[in-house]
Amino acid sequence: MDVRSRIRRYLDKAITEEFRDEDDIFALGVVDSLFALQLVTFVESEFPITVELPDLDIDNFCSVDALTRLVLGKLEAGHERPAD
């Protein structure tokens with residue numbers, strides 16, 4: 001399953017309202033700022049990356065599109081977390 005599909009599957013389980021991949025889920029009011037912390041945890045557990053301080057911008061977590069860009073960007077830049 002690709003990055004976008006995995007992110008979408010997670011958000012579909014967490015959010016009951018319908019939304020598109022480009023929709024800002026925070027602006028729509030379907031999630032709150034506490035959910036942003038859950039997204040960080042999800043991204044770090046689902047993908048072999050570490051979310052670093054410069055990544056902690058709500059714009060990186062506000063939509064399926066934004067999360068996909070963040071994850072793919074880190075993977076393509078070689079910012080993968082070392083295996084345990």
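The basis for the numbers below is simple: all heavy atoms, side chains too, and nothing from hydrogens, waters or symmetry mates. Everything numeric here is computed off the predicted structure, so don't read it as measured data.
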Side-chain touch Y10/L39, heavy atoms, less than 4.5 angstrom: yes
Separation of I15 CD1 from L28 CG (nearest 0.5 Å): 8.5 Å
Over all atoms of both residues, closest heavy-atom pair of I25 and F61: CD1-O, 4.3 Å
Transitive ILVMFWY side-chain link L70 to L56, under 4.5 Å: yes
4.5 Å side-chain heavy-atom contact, F19 and V64: yes
Path from L37 to L53 over hydrophobic side-chain contacts below 4.5 Å: no
Student check: side-chain heavy atoms of L11 and F35 closer than 4.5 Å: yes
Minimum heavy-atom distance L75-P48, with the two atoms named: CD2-CG, 3.9 Å
Over 12 foreign heavy atoms within 6.0 Å of CD, E18: no
Qualifying salt bridge (charged side-chain N to carboxylate O under 4.0 Å, His left out) pairs with a residue from residues 23-39, counting only residues at least two apart or across chains: R20-D23
K74 side chain near F47 side chain, heavy-atom distance below 4.5 Å: no
Donor-acceptor contact present, side-chain E44 to main-chain V51, <3.5 Å: yes
Pairwise distance CD(E22) to SG(C62) - rounded to 0.5 angstrom: 11.0 Å
Student check: side-chain heavy atoms of R4 and D65 closer than 4.5 Å: yes
Validation row: T68, D21 side chains within 4.5 angstrom (heavy atoms): no
